[in-house]
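I have placed the structure first, in the form of structure tokens, so that the comments after it can refer back to it.
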Amino acid sequence: MATNELLSVEGVSVFYDKFRALDRIDINVGAGEIVSIIGANGAGKSTLLKAIIGQAGRVEGRIQFEGENILGRATADIVAAGMMLVPEGRRLFPSLTVEENLRLGWAVGRKGEFGFAELWRLFPALEERKRQKAGSLSGGQQQMVALGRALLANPKLLLCDEISLGLAPLVVNELYALIPRVKERGIGILIVEQDIERSLAVADRFYCLLEGRVSLAGHPREATREMVMKHYFGL
Amino acid sequence: MAGVWINQILQGILLGGLYTMFATGLSLSAGVMRFVNIAHGDFIVLACFLLLILTTSLGLNPIVATLVILPVAFAVGFGLQRFLLQRVVGENVLLVILVTFGLSIIIENGLLEGFGADPQKVAGGWMETATIGLGGGINMGLFQVVTFVAAVAVVAALDLVLYRTGIGAKIRAVSDDVAAADLIGLSSVRIYAVAMGISFVTIGIAAGFMSIWTDFDPASGPTRLLIAFEVIVLGGLGSMWGSLMGGIVLGVAQSVGAQFDIAWQMLAGHLVFLIVLAVRPQGLFPKY
Ligand SMILES: Nc1ncnc2c1ncn2[C@@H]1O[C@H](COP(=O)(O)OP(=O)(O)O)[C@@H](O)[C@H]1O
Ligand SMILES: [Mg+2]
């Protein structure tokens with residue numbers, strides 16, 4: 001698709017025992033492109049991100065990152081090659097300090113130019129709290145740490161799983177305001193959301209998942225609300 | 001009269017140093033991986049026999065011999081976790097316990113086969129016999145004092161590794177949330193193996209001191225496991241400085257108990273353990 005293709009997912013299926021959570025999915029993301037995956041609860045969005053990062057159980061199909069096969073490779077290798085996940089529910093390490101959580105992102109990552117100086121510029125609120133236990137932060141601040149941890153890995157492709165989950169609208173606005181700034185750095189972003197409007201507003205392209213299949217794909221400008229609703233709920 | 005009791009308390013504190021060494025590695029592995037290595041004590045004894053061979057057959061100085069086995073101990077712990085225990089970890093706690101219980105029996109019987117049931121000891125030379133007199137009839141064995149100082153150093157070093165280094169943060173992260181660690185590319189399998197390797201280094205150090213301090217035979221392991229277990233429960237699971245306090249509490253309880261009646265030595269330790277467990281199940285210095 002794009003000439004600067006970063007990620008290509010072709011005919012990917014994921015199984016939990018006999019249950020097929022994803023059914024021959026095709027998706028791609030270019031460098032500096034924001035691609036949004038929408039879908040109802042249980043559609044298979046998190047499963048898709050886990051398959052890409054190498055943490056889903058049984059996966060079939062092809063997954064390529066910068067033209068190289070990554071299916072079957074260890075997550076640690078994939079992360080070091082330039083991909084990082086902001087997991088659903090943030091998944092910080094609560095007994096570690098904010099700074100320690102962030103350092104882990106740097107430790108597992110690609111060691112690029114995005115360091116702590118850039119991080120504190122992006123999240124000034126975190127610098128004051130860097131010695132606090134991550135578990136003591138508010139939900140919004142924790143999500144900033146999760147995003148910051150991922151950025152410190154210097155990903156070429158950032159995977160975000162429902163970063164708005166359980167946060168106040170104002171906080172979500174703040175987080176989403178950062179997404180274009182990440183894109184400016186040339187990072188490709190794959191955003192998973194249940195919140196349709198929010199994620200379509202920032203996306204260059206989108207895919208809608210329904211019961212493990214891509215039910216709709218396209219550009220947010222060209223998609224009408226009715227069309228999206230129909231393919232989101234499968235009505 | 002008071003001098004006798006002061007002396008017993010002092011000896012108990014020093015004994016606590018040895019007990020702390022039995023416990024730190026178990027505290028680390030159990031705190032991080034959430035299972036108790038039932039063969040912990042047997043590995044200490046196995047290392048003691050290894051030291052016996054190195055000091056007698058090869059004629060190595062006991063300190064040199066201990067330094068020699070430390071890297072070996074790391075490799076054994078790393079390999080054991082990576083290639084055996086990792087296969088069962090996470091599936092069912094009972095399974096891991098059974099596997100390590102099996103290891104315990106294998107080690108015990110293997111040593112019995114190779115060395116017989118007689119008690120053995122590593123000769124510590126002048127280190128063992130030198131004493132430091134404090135007056136008033138109170139004497140401390142130089143070796144006991146060195147052991148205690150070494151125990152403090154081990155605790156301080158482990159605490160430093162856990163709380164001031166990158167690998168320490170990774171170990172604590174995996175202990176917090178294994179699945180989250182794997183999701184962000186911190187390979188929990190590798191970090192578990194490193195943690196077990198570090199745990200086994202403390203086993204090697206503990207063996208270095210125990211093999212000179214006291215007699216050992218192939219069946220000595222389970223008692224060491226029990227002591228280590230009581231120390232970490234007393235001190236609080238995963239807390240390194242807690243282990244030192246737990247070791248001292250247990251050592252003093254035994255030593256003071258023995259002053260009443262020598263038959264009371266072990267019993268007094270167990271009693272204090274049970275009382276603390278009942279009153280403060282989280283231990284004296286809980287970390288988790
Ligand atoms: N570890 C798992 N084991 C079994 N089934 C799972 C597992 N994870 C997810 N599923 C199932 O796979 C489907 C997709 O889940 P998920 O990817 O989490 O959806 P989403 O993120 O879109 O809400 C759901 O039906 C869910 O129940
Ligand atoms: Mg999900």
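What you see below is based on every heavy atom in this structure, not just the backbone, and it leaves out hydrogens, waters and symmetry mates. The shown structure was predicted, so the numbers you read here are calculated from the model rather than taken from an experiment. Here is the naming used below: chain letters follow the sequence lines, and residue numbers restart at 1 for every chain.
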Under 4.5 Å to a heavy atom of chain B? For A/L104 that would be side chain
Problem - CG/A/D17: more than 12 non-hydrogen atoms of other groups inside 6.0 Å - result: no
What one should report as the nearest heavy-atom pair of B/I184 and A/V79 is O-CG2, 3.9 Å
Applying a strict 4.5 Å limit to non-hydrogen atoms, the region of A/R90 in contact with chain B is neither
CD (A/E100) and CZ (B/R164) are apart, to the nearest 0.5 Å, by 8.5 Å
Heavy atoms of B/R172 and A/S95 approach each other most closely as NH1-O, 4.4 Å
A/K183 NZ: over 12 foreign heavy atoms closer than 6.0 Å = yes
Turns out that what part of A/I53 lies under 4.5 Å from chain B's heavy atoms comes down to side chain
If you tally heavy-atom pairs under 4.5 Å between each of A/G109, A/A107, A/P94 and chain B, the highest tally belongs to A/P94
*Begin with the C-alpha distance, continue with both residues' side-chain angles, and end with the deciding distance and a verdict on side chain to side chain contact (heavy atoms under 4.5 Å, CB included) for B/Y163 and A/L96.*
CA-CA 9 Å; B/Y163 290 94; A/L96 272 62; over 6 Å; no
| field | Sidechain-backbone polar pair: B/D177 side chain, A/F93 backbone, donor-acceptor under 3.5 Å | value | no
Can you confirm whether more than 12 heavy atoms, excluding those of B/R87, are under 6.0 Å from its CZ atom? no
- Query: Can you tell me if CZ on B/F229 sees more than 12 non-hydrogen neighbours from other groups inside 6.0 Å?
  - Reply: no
Task: B/R190, CZ: over 12 other non-hydrogen atoms inside 6.0 angstrom - done: no
For A/R91 and B/L183, the nearest pair of non-hydrogen atoms, with its separation, is NH1-CD1, 4.3 Å
(Q) Counting only heavy atoms not in B/Q86 (residues, nucleotides, ligands), do more than 12 fall under 6.0 Å from its CD? (A) yes
- Task: Would you mind reporting whether B/S187 and A/T75 have side-chain heavy atoms less than 4.5 Å apart?
- Result: no
message = Atom CZ of residue position B/F101 - does it have more than 12 heavy atoms of other residues, nucleotides or ligands inside 6.0 Å?
response = no
Heavy-atom nearest pair, A/A76 first then B/G185, reads CB-O, 3.4 Å
request  = Would you indicate whether A/R110, at its atom CZ, is surrounded by more than 12 heavy atoms from other residues, nucleotides or ligands within a distance under 6.0 Å?
outcome  = yes
